[in-house]
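I have placed the structure first, in the form of structure tokens, so that the comments after it can refer back to it.
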Amino acid sequence: MSVAELVVPASVEEAVRLQERLAPLVERAPPPDFAPRTATGLDVAYSADAPGDTAVVAAAVVTVALASGAVLASATAVGESTFPYVPGLFAFRELPALLAALDGLAEPPELLVADGHGIAHPRRFGLASHLGVLTGVPSIGVAKTPLGGYDQPADERGATTPLVDEGEQVGVALRTRAGVKPVFVSIGHRVDLATACRHVLTLCRDYRLPETTRLADQLSRRTLRELAES
DNA sequence: GCGACAG
DNA sequence: ATCTTGTCGC
């Protein structure tokens with residue numbers, strides 16, 4: 001049985017129920033003595049027929065040292081994405097390929113940085129949280145677009161503004177580069193928001209997005225391209 | 001009731 | 001997500 005069959009629901013209704021069932025498992029605080037030395041970014045590239053329902057996808061995961069930014073390891077996985085894209089259920093399109101790619105990592109990840117939301121999600125269970133709960137690895141959600149509205153944070157790097165949903169703060173809009181659109185950070189699993197922001201800022205050296213997601217993005221695209229050429 | 005809506 | 005190179009500007 002493939003990873004996909006274990007993770008992808010048969011319907012939208014089932015997917016929602018699965019999220020509601022798993023959401024309570026999210027831990028919003030780090031484990032004792034949590035001090036990751038590495039961060040692992042994850043991303044998925046879609047073949048040209050995306051964003052329909054089924055598409056060939058290439059997932060990539062890249063681990064970097066938090067102190068130096070050096071690339072320590074990477075892995076990829078090619079697969080199919082069959083679940084339709086529905087805001088709020090986005091994770092089901094990328095989860096199987098991402099989990100397969102994580103399996104190929106020689107060293108176990110210490111902190112996952114997903115390109116999407118964690119608990120900044122209608123059911124508090126976005127891609128980052130889903131990845132964290134399934135793997136048990138602390139995770140952070142870093143999205144390029146919020147699911148709801150937000151107030152613009154101050155222009156300096158490090159400035160934040162709360163992301164609120166149903167009266168609850170679920171994350172922050174974080175300015176990683178002065179004068180550039182912020183990114184949207186939320187707890188995935190086993191981290192707190194302050195720690196998450198700290199690591200995200202560390203990973204954003206010269207660009208708006210974390211180096212981990214930039215590297216994973218490049219690797220996933222290259223993998224898909226080389227697949228087409230062969 | 002009418003939009004908004006991660007990638 | 002994807003279609004897409006060079007180019008204007010700090």
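Side chains are part of it too, since the values below use all heavy atoms of this structure and drop only hydrogens, waters and symmetry mates. The model shown is predicted, which means the values in this text are computed figures rather than measured ones. In the text below, chain A, chain B and the rest are named by the order of the sequence lines, each starting its count at 1.
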Report the distance from atom OH of A:Tyr150 to atom P of B:dA4, rounded to the nearest whole Å. 16 Å
In whole angstrom, what separates A:Phe184's CZ from B:dC5's P? 11 Å
Have a look at A:Leu224 and say if it touches a base, only the backbone sugar-phosphate, or nothing, with a 4.0 Å heavy-atom cut-off. nothing
Atom-to-atom span, CG of A:Leu163 to C1' of B:dA6 - whole angstrom: 11 Å
Nearest to the side chain of A:Ala45 - B:dG7, C:dT2, B:dA6? C:dT2
Give a yes/no verdict on base stacking between B:dG7 and A:Tyr85: centres under 5.5 Å, planes within less than 30° of parallel. yes
Counting only side-chain N and O atoms of A:Lys144, is one of them less than 4.0 Å from OP1 or OP2 of B:dA6? no
Tell me if a side-chain donor or acceptor on A:Arg157 pairs with a main-chain N or O of A:Thr176 at a distance below 3.5 Å. yes
Mind checking A:Pro146 for me? I need base, sugar-phosphate or nothing, with any heavy atom below 4.0 Å counting as a touch. sugar-phosphate
At 4.0 Å (heavy atoms only), tell me whether A:Gly88 reaches a base, stays on the sugar-phosphate, or touches nothing. base
When the distance from CG of A:Asp115 to P of B:dG7 is rounded to whole Å, what number comes out? 7 Å
Whole-Å distance separating the CG atom of A:Leu209 from the P atom of C:dA1: 10 Å
So how far is it from A:Leu147 CG to A:Asp165 CG, rounded to the nearest 0.5 Å? 8.5 Å
Give the rounded distance in Å between these two atoms: CG of A:Leu174 and C1' of B:dA6. 17 Å
Is the number of heavy atoms from other residues, nucleotides or ligands under 6.0 Å of A:Glu168 CD greater than 12? yes
I need the CZ-C1' distance between A:Phe90 and B:dG7, as an integer number of Å. 4 Å
Please state whether the phosphate of B:dA6, meaning OP1 or OP2, lies under 4.0 angstrom from any side-chain nitrogen or oxygen of A:Arg93. no
Distance below 4.0 Å between A:Thr145 side-chain N/O and B:dG7 OP1 or OP2: yes
In terms of heavy-atom contacts, A:Pro36 and A:His199 come closest through CG-NE2, 3.7 Å
Within 45 degrees of the axis of the six-membered ring of A:Tyr207 and under 6.0 Å from its centre: does A:Arg214 put its NZ or CZ there? yes
Return the value, rounded to whole Å, for the distance between atom CD1 of A:Ile119 and atom C1' of B:dA6. 15 Å
